[in-house]
Number of protein chains: 4
Amino acid sequence: MVEQKTVAKSRSVNRVVKSAPYEPGGKAPATRRRLLDAAAFVLAEKGFTGMRLSDVGEVAGVQAPAIYYHFNNKEELAGEVFITGLVRSRATLEEVLALHENDDALDRLAVAIDAHVRLSARQTVYGRAWMHRSTGDVPEAVEQMCQSDERAYARVWTQVLSNAHSDGFLRGDIDLKTAQQMLLGALNSISFVTRAGRALDVDGLVRSAQTMLLSGLSETQRAWPLLAESEVVDPF
Amino acid sequence: MVEQKTVAKSRSVNRVVKSAPYEPGGKAPATRRRLLDAAAFVLAEKGFTGMRLSDVGEVAGVQAPAIYYHFNNKEELAGEVFITGLVRSRATLEEVLALHENDDALDRLAVAIDAHVRLSARQTVYGRAWMHRSTGDVPEAVEQMCQSDERAYARVWTQVLSNAHSDGFLRGDIDLKTAQQMLLGALNSISFVTRAGRALDVDGLVRSAQTMLLSGLSETQRAWPLLAESEVVDPF
Amino acid sequence: MVEQKTVAKSRSVNRVVKSAPYEPGGKAPATRRRLLDAAAFVLAEKGFTGMRLSDVGEVAGVQAPAIYYHFNNKEELAGEVFITGLVRSRATLEEVLALHENDDALDRLAVAIDAHVRLSARQTVYGRAWMHRSTGDVPEAVEQMCQSDERAYARVWTQVLSNAHSDGFLRGDIDLKTAQQMLLGALNSISFVTRAGRALDVDGLVRSAQTMLLSGLSETQRAWPLLAESEVVDPF
Amino acid sequence: MVEQKTVAKSRSVNRVVKSAPYEPGGKAPATRRRLLDAAAFVLAEKGFTGMRLSDVGEVAGVQAPAIYYHFNNKEELAGEVFITGLVRSRATLEEVLALHENDDALDRLAVAIDAHVRLSARQTVYGRAWMHRSTGDVPEAVEQMCQSDERAYARVWTQVLSNAHSDGFLRGDIDLKTAQQMLLGALNSISFVTRAGRALDVDGLVRSAQTMLLSGLSETQRAWPLLAESEVVDPF
DNA sequence: CATGAATGAGGGTTCATTCAT
DNA sequence: GATGAATGAACCCTCATTCAT
C-alpha cells in the first residue's frame, strides 16, 4: 500500500558505471555524456516520475532504447545525473575553498555561498535536477546510489559551518543542523528567482544571499517575539 | 446533456471549501475531506505524477473510482489540495498578524516566521504537498487553478516585508524579491529537519529561524568577500 | 475472443415487463413511459453501446439508478424500446392496410410504403433507434427479446409483397427476399435525407419512394448489362 | 519535445495508404495492414464503441498496445478503416466506369450498381464497417477524418445519376437527392441478405438489384395512391 | 551502437449496477 | 419511487523495457 514502486528487475544494480565498451575513439562516451545532460535537463523540468526516456532520447538525439546501451535502466540514469551534479558542485566548492584556504572561517563561509549562487545562476540543470531528489519523487534505489556523494557534499558545508562556529564567528543560539538546512534551502530557492532567464545581476544576487544569511535581514538588534503554541490556530 | 464526450464536466470546480452547510445524513462531505487529506498525504510523499489514485483511495478508505464522485479528475483533486493548503496557510498567517496588528513591522515579520514554522512543524502534509508544485511535476492546468491563491498567499509576505522595508527596518543592500524567495525557501526547507518525526523543540526551531533570517548567522559585521566569476570553475 | 459481452447477471431475464408495481394512480407508469421515450431518443443517436444510462436518466429527468425500479437492466430497457417501436410500426401499418382492405395488392403495397415514409418523416425516434439493431451493436440477449416482434413486423411486409407477387403484379425476375430487404433498406435510408430537419415535403418523399421502388428509376425498358466477376477488381 | 502532454501527437495521420515503398526488412507495413483488416472486421460486427482494441489486437495477432505503434489512437484507427473502405470502393467503381466509358448513361448506372453489389457480396468487411458510420456511434473527430473521402465517394454516384438524368433516362418525378440516398440504402442493405454466408448467386443478386432499382418492382404502370396525413395514426 | 517493432504492467477514467435511506 | 454514495469490471492509453537486426 502506497509503497515505492521499483522499476523493473535491474539486472545488475551495483554495476553503476558500465565500464566495458569504453574504448576511446568510439562515439559511445560522447553519447553517454549527451544522455546525461539530456536526462539532467528533463529531470530538472519534470522530476523523476515525470521524466520519460523517450524525452531524454529526443533531447539527446537518439531513440529511447539506445539509452539501454549506456545505462541499465531509468533509475541508474537518474542516479548518475544526481551523482554527477553532486560531484561537480562539491568539486567547485572545494576548489574555491582551496583558493581561500587562508581566509578566516567566516569569509570562507561567505565564499562558499558565493560559489553556490554563481553555480546556480549559470543554470546548471544538474542543480535543479537535484532539487527533485528531496521531494520523495525519487525511488529509494536511486536515493541509495547517491547517498555517499550526497553526504560528502553536505560534509563540505558542515565543515565550513562548524569551523566558523568553533572559531566563534556564529551566534550561539542557532542550531547548526537547522541552520545548514535553511542555508541550503534558501540558496536553492534562488534558482526560482533566476528561472525567468532574463539577464541577471549575479553579483547582486550573491550579495543579497550573503548579507541576508550572514548579517540577517534586519540591522536592528533585538530579541524576537515568540508566539504561544495556542496563538497559531490551524484552520480546518 | 447527451453530447459528444467533452474533456471535463466541471461539476465542482469552484466549490473549494464549502464546509458546513450540508444537511445531516449526507456523508459525502466527510468522504470528500478524507480524500483531500489522503491526497495531500500521498502528494507530499510522491508528487503529482507519482500519486496514484488507487493509493489515495486506499488511504481514504474507498475505492479509486469513488474519487470521481467528488472530483472531476486527478488534476482537480491535486489542485484542491494545493488550494486548501494555501488557503489554510494564509488564514493562519493573517490571523496571527491580526493579533499583532499594533506591533512594529519588524516584530510582525518575526511573528510571521514563527507562525510559518509552527505550522510546518505540525507536519501539515498540505505544506509538503505544496513544495512539489514548484518542481514542474505538476501540469499546467493545476498550476493555473492555484495561481490566484498562490499569489494571494505570496502577497501577505510581500506586504509584511515591504512594510518592514519602508519603515526602515531592513538592510538597504538586499533585493526584496530575492529576499522573499530565500526567506520562504529557508522556511520550507525546515520541514526536512522535521521529517524524522522525533519529538522536536518547536520553540528552538522558531528561534533559529528568526535569528538566522533576521539577525543573520554571524554576529560579526563586515563586508563579505566577493569572488570573481572566473574563480568559480564549472568542472565538466 | 471477440465475443458479445453480456451485461451483468440480469436476475430475471425472462420477466420482461415488471408487472407488479403498476397500481394506477401512482406516477410510476408515467416515469416508465418517459424513460422509454428518453431511451429511444438516446438510442437513436448513439446506439446501444453508446447509450449511457445517465444520459437516459437526464433526458427523462431522473437519476440513472431510478431506471432500475422500472427495468431490470440496460438490455431490458433497450429491448423494450425496440419492441415498442416495432409494435407501433406494425400497428400503424396494419391499420392503414385495414383501411385499404379492398384495394388490389399493388395499391396496398404502395400504401404500405406511404405509411412507412410518413412515420419516418415524423421523426419517430423509435424508428431510428431500431436502425441500430441491425448493426450488431446490440447484444444477443436484446436481439432475442425482439425476435418475435421483429418477425411479426417483417411478416406484414412479406404478406403484402407475396400477395402482390401471387396476384401477378411483380416482375418475375426478382428474388422476393432480396426485394424486401432492399425495399426496407431504401425506406429506412430516407430518414437520413430527413435528418437535417428543414421543413420537408412529405408527399414528395412518398411519391419519390413509391415511384422509384415500384416503377423504377428509369422509364426506359431494356435488359441491364451484367459485368463479369473479373471485371470488378478489389483494389488492396 | 518534452512538453506538457498534449492530446494527440499525430504521427501518421496523413499516411493513409502508402503501400509499397518500405524498404524490405521492416515488418511494420504488414502489421499495419493486418491491424486495419482486423479493425474493419471488429468494427463491422460491433461498431466503434463496441470495438475493443484488445479484440483488434487479438484478431491481428498482436497485443493491444502494439496498435499505438501504428496509429495514434482508437479514433485514428477507425478513421483509417473507413477511409480505406471508401477509397477502395471508389477506386473499384471508377475503374469499372472507366471500362464502360462509352456506354450510355443508363447502362453506366446499371454497371455501377453491379459493381457495388459484387463488392458487397465479397463480404468486404470494410463496407459493413462503414455502415456503422452513419449511426452516430462514431465520434465527431472520426467523421471529420472521413468527410472528404466520403464526399468524393458520393460524388461518383451523384455524377452517374445526374448524367443519366440530363440524358433523359430518368423519370421526371423523382427527387435526385432522395433517389441517391434510397439507391445506396437499398444496395447497402443487401449485405444483410448476404450475411448468412451460404453460397450465393451473385449474378442473381445483381439482377434483382438492377431490375428493382431501375425498372421498379412492378411492371404495371399506374399512378400510385397517396394517403392523407391523417390516415396514418401514430399509436402511442 | 543504435533502431524498429513489440510487450506487459499499470494508471486514469467510465459506466452499469447496487444498496441503504 | 427515487436518490446519494459507492463499487467493480473494463477500456484506452502510456511507458519502461526487450530483442532481433
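Letters go in sequence order (proteins before strands), and every chain restarts at 1.
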| remark: Separation between CG (A:Leu43) and CG (A:Leu77), nearest 0.5 Å, reads 8.0 Å
| request: Just compare F:dT7, F:dT14, E:dT13 and give me whichever is closest to any side-chain atom of D:Tyr68. | output: F:dT14
| Between D:Lys46 and D:Met51, which heavy-atom pair has the shortest distance, and what is it? | CB-N, 4.0 Å
| said: Would you compute the distance between atom CD of D:Glu143 and atom CD of D:Glu75 and round it to the nearest 0.5 angstrom? | reply: 11.0 Å
| field | d(CD, A:Glu76; C1', F:dT17) in whole Å | value | 14 Å
| Could you state the CZ-P distance from C:Arg34 to F:dG1, rounded to the nearest angstrom? | 12 Å
| Whole-Å distance between E:dA5 P and D:Arg33 CZ? | 15 Å
| Taking the nucleotide of DNA chain F with the closest heavy atom to each, which residue, A:Leu53 or D:Leu53, is nearer the 5' end? | D:Leu53
| request: Considering non-hydrogen atoms only, spot the tightest contact between D:Phe71 and D:Glu76 and give its length. | output: CA-OE2, 4.1 Å
| task | With the side chain of B:Tyr69 defined as its heavy atoms from C-beta on, choose the nearest nucleotide among F:dC19, F:dG4, E:dT7. | result | F:dG4
| Upstream residue (5' side of DNA chain F) when D:Glu75 and B:Gln63 are each assigned their closest nucleotide | B:Gln63
| Starting at the 5' end of DNA chain E, which residue's closest nucleotide do you reach first, B:Lys74 or D:Ala66? | D:Ala66
| query | Atom NE2 of D:His70 to atom P of E:dG4: distance rounded to whole Å? | reply | 13 Å
| message | Expressed as a whole number of angstroms, how long is the span from C:Arg32:CZ to F:dG1:P? | response | 12 Å
| Nearest-angstrom distance from the residue atom CD of C:Glu58 to P of F:dA2 | 17 Å
| message | Nearest whole Å is fine: how far is E:dT17 P from C:Asp55 CG? | response | 15 Å
| Over how many whole Å does the gap from A:Ile67 atom CD1 to F:dA16 atom C1' extend? | 10 Å
| task | Identify which one of B:Val81, B:Thr31, B:Ile83, B:Val56 satisfies the side-chain contact (heavy atoms from CB on, under 4.5 Å) criterion when paired with B:Leu36. | result | B:Val81
| query | Residues two or more places apart in sequence or in another chain: which of them pass ring-ring contact (aromatic ring centres under 6.0 Å, His included) with D:Phe48? | reply | none
| note | Taking pairs as Watson-Crick (N1-N3 plus N6-O4 or O6-N4) or G-U wobble (N1-O2 and O6-N3), each distance under 3.5 Å, the stems of three or more consecutive pairs with DNA chain F are E:2-21 with F:2-21
| field | Selected nucleotide, minimal atom distance to A:Arg52 side chain, candidates E:dG4, F:dA5, F:dA16 | value | F:dA16
| said: Of the listed nucleotides (F:dC12, F:dC19, E:dG12), which one gets closest to any side-chain atom of A:Pro65? | reply: F:dC19
| Under a 4.5 Å cut-off applied to non-hydrogen side-chain atoms, are B:Val62 and B:Tyr69 in contact? | no
| query | In terms of the nearest nucleotide of DNA chain E, which residue is placed more toward the 5' end: D:Thr31 or C:Ala64? | reply | D:Thr31
